[in-house]
Novice: 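Below is a structure I'd like to ask you about.
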There are 2 protein chains.
Amino acid sequence: MHKIDLFLIMFVHSFIMASNITIVELASALGLSKSTVSRAFRDNQDINPRTKERILEKAKELGFSPNLYASNLRGSKSQTIAIIIPEFGNKFFSQAIKGIEWVARSNGYHVLIYVTDHNAVKEAEIIQTLVNGRVDGVIMSGSGEGNSHEYLKLLEYNKVPIVFFDRYYEDVPTACVTGNDFDSSYEATKHLIENDAKRIAYLAVNKDVSIGRIRMEGYKKALHDAALPIDDRLILDTSNEAVINYEDIRELILNEKPDAIFASVERLAMSTIRVAKALNLTIPNDLKLICFSCLDIADMLQPALSVVKQPAYEMGIQATTQLFDILCGRKQGGVREIVFLDSELIFQASSTKA
Amino acid sequence: MHKIDLFLIMFVHSFIMASNITIVELASALGLSKSTVSRAFRDNQDINPRTKERILEKAKELGFSPNLYASNLRGSKSQTIAIIIPEFGNKFFSQAIKGIEWVARSNGYHVLIYVTDHNAVKEAEIIQTLVNGRVDGVIMSGSGEGNSHEYLKLLEYNKVPIVFFDRYYEDVPTACVTGNDFDSSYEATKHLIENDAKRIAYLAVNKDVSIGRIRMEGYKKALHDAALPIDDRLILDTSNEAVINYEDIRELILNEKPDAIFASVERLAMSTIRVAKALNLTIPNDLKLICFSCLDIADMLQPALSVVKQPAYEMGIQATTQLFDILCGRKQGGVREIVFLDSELIFQASSTKA
DNA sequence: CTGAAAGCGCTAACAG
DNA sequence: CTGTTAGCGCTTTCAG
């Protein structure tokens, strides 16, 4: 028998009973009062260490654990946080969630997950379900829609702190962990220019909101510094829908004949590759390409894809750490404070001249 | 102003108050009793529709929503389910979670997420935190470790139904939604044979547990039917760790000189591609490759990767639908019942002879 | 250090 | 259809 199986069998053995048992039953099984038993499960020093030990042992034996809802009703906390993200589609969010889940569990917290599909109305509805005590805090990457985010005030009124990661709202004063997008966009664009690109297109899913805007600014600055014209026709504001953005990108390439593309999100780069293939354009010869992406197999693509790789996992960790700082009173909530984490620029064949 | 912003502003306007208000206060504000108010928030027909409307309106005005913990304590239901998965690494799980989240939210449920890192001990610990009423049901893809899963009895004792997807435990009697892995493995292997492969290696992360075993059986059957020998040295049981499986695969290729590889999980195929590159082996000429994967850009890899693509999203949807069938009493829990969903076989350059 | 007692906010008989 | 009432299981004063 494997060691691990032995452990698992012992594990379940300690808990073999149903836990429909309540604190009162446990108390009477020990000849104590329920208050004493209760104290054993809190960090209460008004209890004899030996009594506490005895209680915990018996609890394990009988499979007792304090009813979650009774304790929470009595005014303590939910030990739960929520993650709200716009989508599940890419490695960036998977990695970030992994980091968030890890920090949360290390702190004994549970994690609820919500997906907005980039839809601000859904986002607002989700927020609404969180303010009745369900969660102690929220980690969010904004849907990117809408200019007014007053609905986040609901959280504030209910004293539920929120920390943004990646996509934040500029009108909401709170902590935020994001990438050094301006700089990396500048560098990515500069790199394209150094590889002889003259007509560089910028693709975004929403060029007016946080990441879409900032990444565009880095792009524009690089063009400006290289004395290249900024041509609005080369700036495409398209959709998350693969079908739609494929068509938009196709139009852009056919009409504007860019010689390079800087995609602010991974999905748009993937569509670009498909469009290029369909139009018989070779990357990088006919069209250079670089994009924001956390894909770990970018080097296996044909051609190897140049990427701006954000530290997604780290971003999740830091955002959650900050949330716990606020929850534990080590730090004040509701204060605008942005932490920028450096992305890694990986230049490969897709953006490099022959 | 955008239509959506208008909506969002109206939305928050209806909820501008903090919700520290209780059912009693709302009741007295309306000159009603708290039971009547309570009824307005349940699906109770013992209430005048007009009264109900009046209550809901006032509630909205005052920003009242029923305290989660009080209702749950009273009704002992949490409106929450848990997803437990071994990892976040690939598209398969992202897609499945997306499906699960969607069904859950459509039913007004919340979703907790837990990652086991393929570790059965963590899995057991997580289960332990779920049986105090925190969740009404569990959707899980097993860690794949351990042969004894007695700890899942905890759920049974506490009447928390569980539905497996993808990776199930054969010793746990419950509903399960998985792929038709035997058949697709058979077909995938047969396809390699038809493309002149003679020494086909099989890679798994755990060949003794559900998916690892069944996929291997399909592979063996195909070899057998083609009168090819089954050589245990061509069957590799390796780790999830990229560093370790890279080394294992390298050894296998160097020592056994397979002419084709069938990888039962995506990660092992990726390592194979890297090993092949390092050893200067060309895919498919020197080594053919096919694997289980939900990668949506398999066709963009160099060479385009042949895959067995499981219906991950659909799997999430069906597993969750079944869970709700059990929760709503439309179906009995604790009964072994496996639903097999067809995978799609996509043959591309990586597995095809010149 | 331990126990008794008073609710937390809500739901569901039960009685009108 | 509406109100009264008795808890759900736990935490936390307040006395001993």
Side-chain angles (χ1 to χ4, degrees), chain A residues 17-56 58-59 62-80 129 131-134 136 158-159, chain B residues 17-56 58-59 62-80 108 129 131-136 158-159:
Chain A
M17 307 291 298
S19 56
N20 279 337
I21 176 171
T22 79
I23 199 173
V24 188
E25 300 170 275
L26 178 56
S28 73
L30 286 157
L32 289 166
S33 79
K34 58 178 183 167
S35 353
T36 309
V37 174
S38 175
R39 278 189 270 262
F41 285 92
R42 307 292 122 205
D43 289 335
N44 195 314
Q45 51 264 46
D46 278 0
I47 187 173
N48 185 320
R50 286 200 37 222
T51 315
K52 179 168 178 174
E53 206 176 307
R54 211 155 55 89
I55 293 171
L56 293 179
K58 193 77 178 178
L62 300 181
F64 168 82
S65 59
N67 180 293
L68 182 71
Y69 295 105
S71 342
N72 286 149
L73 175 56
R74 252 325 272 219
S76 82
K77 296 292 190 162
S78 67
Q79 299 275 104
T80 306
T129 70
V131 293
N132 55 0
R134 189 176 289 275
D136 297 344
N158 289 278
K159 306 211 176 24
Chain B
M17 309 289 298
S19 54
N20 279 338
I21 178 175
T22 79
I23 199 173
V24 188
E25 299 170 275
L26 178 56
S28 74
L30 286 157
L32 289 166
S33 80
K34 60 179 181 163
S35 2
T36 309
V37 173
S38 174
R39 279 190 269 262
F41 286 91
R42 307 291 123 204
D43 288 336
N44 195 315
Q45 51 263 47
D46 278 0
I47 187 174
N48 186 319
R50 285 201 39 224
T51 315
K52 179 167 178 174
E53 205 175 308
R54 209 155 58 88
I55 293 172
L56 293 179
K58 194 76 178 181
L62 300 180
F64 167 82
S65 58
N67 180 293
L68 182 68
Y69 296 104
S71 348
N72 286 344
L73 174 55
R74 198 52 237 272
S76 63
K77 59 189 164 14
S78 63
Q79 299 276 105
T80 306
T129 69
V131 293
N132 56 359
R134 188 176 289 275
V135 300
D136 297 344
N158 288 277
K159 307 216 174 24

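Please read these numbers as outputs of a predicted model, since none were measured by experiment. Chain letters run A, B, ... following the sequence lines, proteins first and then strands; every chain starts at 1.
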Novice: Would you say the side chains of A:T80 and B:R134 form a donor-acceptor pair under 3.5 Å?
Specialist: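 Distance-only check passes for A:T80 and B:R134.
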Novice: Tell me: CG of A:L26 to C1' of D:dC10, nearest whole Å?
Specialist: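 To the nearest whole Å, that distance equals 13 Å.
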Novice: Would you mind telling me which residue lines up with the more 5' stretch of DNA chain D, B:A70 or B:L32, judged by nearest nucleotide?
Specialist: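 Counting from the 5' end, the first nearest nucleotide belongs to B:L32.
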Novice: Give the minimum heavy-atom separation between A:G133 and A:S78, together with the two atoms involved.
Specialist: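 Heavy atoms of A:G133 and A:S78 come nearest at O-CB, 3.5 Å.
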Novice: Out of curiosity, B:N67 CG to B:I21 CD1, how far, rounded to the nearest 0.5 Å?
Specialist: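 Here the rounded value is 12.5 Å.
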Novice: Nearest-Å distance, CG (A:N67) to C1' (D:dG9)?
Specialist: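 A:N67 atom CG is separated from D:dG9 atom C1' by 6 Å.
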Novice: What verdict does the side-chain contact (heavy atoms from CB on, under 4.5 Å) test give for A:F41 and A:L56, after you've listed the backbone C-alpha separation in whole Å, the side-chain angles of each residue and the deciding distance to 0.1 Å?
Specialist: CA-CA 8 Å; A:F41 285 92; A:L56 293 179; 3.9 Å; yes
Novice: With a 6.0 Å cut-off (strictly less than), is the heavy-atom count around CD of B:E53, excluding the residue itself, greater than 12?
Specialist: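 It does not: B:E53 CD has 12 such atoms or fewer within range.
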Novice: Using atom CG of A:N132 as one end and atom C1' of C:dC10 as the other, report the distance to the nearest whole Å.
Specialist: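 Rounded to the whole Å, the gap is 13 Å.
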Novice: Round to the nearest Å and state the distance from A:N72 atom CG to D:dG9 atom C1'.
Specialist: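 From A:N72 CG to D:dG9 C1': 12 Å.
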Novice: Name the residue closer to the 5' end of DNA chain C, choosing between B:P66 and A:D46 according to the nucleotide with the nearest heavy atom.
Specialist: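 The residue whose closest nucleotide sits nearer the 5' end is A:D46.
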Novice: Over how many whole Å does the gap from B:L68 atom CG to C:dC8 atom P extend?
Specialist: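 After rounding, the reported distance stands at 18 Å.
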Novice: Between atom CD1 in B:I55 and atom P in C:dC10, what is the gap in whole Å?
Specialist: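 Answer to the nearest Å: 13 Å.
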Novice: Atom CD1 of B:I21 to atom P of C:dG9: distance rounded to whole Å?
Specialist: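 Answer to the nearest Å: 12 Å.
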Novice: For a quick check, tell me whether the side chain of A:R74 and the base of D:dG9 share a donor-acceptor pair closer than 3.5 Å.
Specialist: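 Checked by distance alone, the answer is no.
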Novice: Give the residues of residues 33-42 of chain B touching DNA chain C, defined as any heavy atom closer than 4.0 Å, sorted by residue number.
Specialist: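 Here the set is B:K34, B:S35, B:S38, B:R39, B:R42.
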Novice: Send over the distance from A:L73 CG to C:dC10 P, rounded to a whole Å.
Specialist: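 My rounded result for the distance is 9 Å.
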Novice: At less than 4.0 Å, is any side-chain N or O atom of A:T51 found next to OP1 or OP2 of C:dT2? Yes or no.
Specialist: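 Yes.
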Novice: Rounded to the nearest 0.5 Å, what's the gap from CD1 on A:I47 to CD1 on A:I55? Could you check?
Specialist: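 The distance works out to 4.0 Å.
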Novice: Run A:R39 and A:S35 through side-chain contact (heavy atoms from CB on, under 4.5 Å) and show every step you take.
Specialist: CA-CA 6 Å; A:R39 278 189 270 262; A:S35 353; 3.8 Å; yes
